[in-house]
Amino acid sequence: MKDIVFDFPLFTIILPLLGAVICSVAGKKVSKYVYFAVSLICAALSVPVLLYTLENGYFTRAMGHFAAPFGNEIRVGTAEVLFTLLAVLLPALSVLGGKRRLMEDISEKKINFYFVMLCLLQSAITALAYTNDLFTAYVFIEISTLTSCGLLMIRQIGRTTVAAVRYMIFNLLGSGFVLMGICMLYDLTGYLSMSYIKEAVADIAATGKYTVPLTAAVGLIVIGIGMKSGMFPFHLWMPDTYSTSTTASACILSGLVSKGYIFLLIKIIYRVIGFDVMEGTGVPLVIFVFGLAGMIVGSLGAIRENEIRRMIAYSSAAQIGYIYMGIGIGGPAAQAAVAAAVFHIFTHALTKPLLFISASGLSQASGGEVKFAALQGSAHRNPIAGAAFTVGALSMVGMPGFAGFISKLLFAQAAVASDNRAIITLSVLAISTILNAIYFLRTTMRIYLPSAEPRQNTSVYKNGTAFVFACAVLTAFNVFLGMHSQPILDMINAGIETLA
Amino acid sequence: MGENFFYNYEEVAAILLFGIGFTTLVFHRNLIKKIIGMNIMDTAIYLFLASMGYIDGGTAPIIDGAETYINPIPSGLVLTGIVVSVSVSAIMLALTVRLYGRYHTLNLDYIYMYAQKEHE
């Protein structure tokens, strides 16, 4: 009976696919219920798997009829299950929070397709987390690209379509690079199964031959994933994409989809290439430098913006920079730094949707305006959204008591323990924090100032219950991670131990 | 070094094609040509895979008493890749149709400009 736990990860991949099939023919109401039922069931299925992995480490499960080197398999450890829980719950919360905008932005007949896309995306991200096969990972990368493009372009106005084209171009370049890198790795090692590639790569690295092709393959994969997740020089698609899509899509794309690719990158670093070989190729240094640059450039972009959602989008670019910086620190502090990066993945994934949702609440209370001038005083018109935005902003700035503080603390600790990257990391961290504080606190003060011009309609905006619920849950997560981070951190550390 | 390029001419051709497709996808302003560039890029990868799986004198990997067979896995990967590439092309063409219907041009620069104007 206990063995059935081993099958739960597969169910969490298959069930959303089934849900997608049902949603594609169901009506508006039914598809909504199907989607929420699917995500609840998947979350419930993930909990026993999480408990099992906490107790017994990781397990693998063969998919299909052939054993590992030729056949496909999934491999489940603590980090993967934690990420899956995020992938299952976050879209549901985003949809709840962005429900009103969703109904306004999407024509009634197409709502069920939105849920089809959500189901497929959930399945793809879950599979990305669980798969132990590189080519399968590539296929699911493409599925998540296509579905996230669907989530984006379902709002049929001109600017969103233009943003979707730009998003797709960056993503296609990225996919091409990743595929080329995977093919080169296959050419070098003869395997597609992650664990087997690692052994072969270790042998190749020991002989000292083929360093150029190996570096090229690793570099192509890193650049490809960087393009898809918005690493510094490739972050230019983010502002348009996140500011023109419907709120729920912006939350999902910024909170989850880009993190799915980064999680795959962490898996590739640890499980496919091996950390020592990776260090030998010099690619982590590039990741580190681009991460640092992203932290500054993203924040500067955010300061220049005068629309609230574009500002939050630029802030995403900066936060992605933090994550890449953590992955790239390397040296003796590598594990602590990657743990900090994974923790920041969770922090950012739980904070950014809160910001997007509350920003949409604020602008709805101001007649749909997104410019800061029109949003002045909006926190008085919509107190719940104002409070939620304040929590999100403080967390992103790194105020103690919120999740963002813990990730910054972890990054700083890892930097101090690293070889020679302490000073540069700490100074960039400090500069970036100040820049964050400038634009987030400026915005927070602005929404609490009295309105510039007296308004006719002074009544408080009525939020839906779903909106209040989503804000409350995300706020609770932020405070919980900020106050009580140790259990999660222990899980992440255990997860990274078993990732390799 | 030069010899390697000569013996692996298929891989060299694949990388050249990849570069051509990549530059077309990045630098061309015409949406249709961008899509063509993307297809060239994908095709280059399939050439790379297929040439890597080919074994001299091998036949199709169906067991019928031949002495050597080619490696079937890269062929399988190519087939999977083609399916992915077709769906991506379809979605890009759908986006292009929608943009053309709205702005009556395929040039991405003009489309950005018109969309920006529309917003203001």
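Chain A is the first sequence line, chain B the second, and so forth, proteins listed ahead of strands; every chain is numbered from 1.
Proximity to chain A is absent for every atom of B:Ile35, based on heavy atoms less than 4.5 angstrom apart. Residue contact with chain B, scored on non-hydrogen atoms closer than 4.5 Å, involves the side chain of A:Cys149 exclusively. Within the 4.5 angstrom heavy-atom criterion, only side-chain atoms of B:Leu49, from C-beta onward, approach chain A. Looking at B:Val84, the atoms closer than 4.5 Å to chain A (heavy atoms on both sides) all sit in the side chain, from C-beta outward. Contacts between A:Ile143 and chain B at a heavy-atom distance below 4.5 Å are absent for every atom of the residue.
Annotation for B:Tyr54: atom OH counts as buried by contact number, over 12 foreign heavy atoms lying within 6.0 Å. Surrounding CZ of A:Phe113 are at most 12 heavy atoms belonging to other residues, nucleotides or ligands under 6.0 Å away.
The CZ atom of B:Phe18 sits 8.0 Å away from the CG atom of A:Leu179 when rounded to the nearest 0.5 Å. Between the OG atom of B:Ser85 and the CD atom of A:Glu142 there is a distance of 8.5 Å, given to the nearest 0.5 Å. The distance from atom CD1 of A:Ile182 to atom CG of B:Leu77, rounded to the nearest 0.5 Å, is 9.5 Å. Between atom CG of residue A:Leu173 and atom CE of residue B:Met41 there is a gap of 5.5 Å, rounded to the nearest 0.5 Å.
Residues B:Phe48 and A:Tyr186 are not in side-chain contact: their nearest non-hydrogen atoms beyond the backbone lie 4.5 Å or more apart. Counting only heavy atoms from C-beta outward, the side chains of A:Ile169 and B:Met92 approach each other to under 4.5 Å. Put simply, the side chain of B:Val88 does not reach to within 4.5 Å of the side chain of A:Asn171, judged on heavy atoms. The closest side-chain heavy-atom distance from B:Thr80 to A:Tyr138 is not below 4.5 Å.
The minimum heavy-atom distance between B:Ile45 and A:Gly176, with the atom names listed, is CD1-O, 3.6 Å. Scanning both residues, A:Met180 and B:Ile15, for their nearest heavy atoms gives CE-CD1, 3.3 Å. Heavy atoms only, all atoms of each residue included: B:Ala115 and A:Val162 are closest at CB-CG2, 3.8 Å. Shortest non-hydrogen contact noted between B:Glu11 and A:Asp187 is OE2-OD2, 4.5 Å.
Interface check for chain A: of the options B:Thr96, B:Ile73, B:Val83, the most heavy-atom pairs under 4.5 Å are formed by B:Ile73. With respect to chain A, the highest number of heavy-atom pairs below 4.5 Å among B:Leu95, B:Leu108, B:Val26 belongs to B:Leu95.
Note that A:Arg159 lies outside the cation-pi zone of B:Tyr112, set by a 6.0 Å cut-off to the ring centre and a 45° limit from the axis.
Within residues 98-106 of chain B, the residues having any heavy atom closer than 4.5 Å to a heavy atom of chain A are B:Arg98, B:Leu99, B:Arg102, B:Tyr103, listed by residue number.
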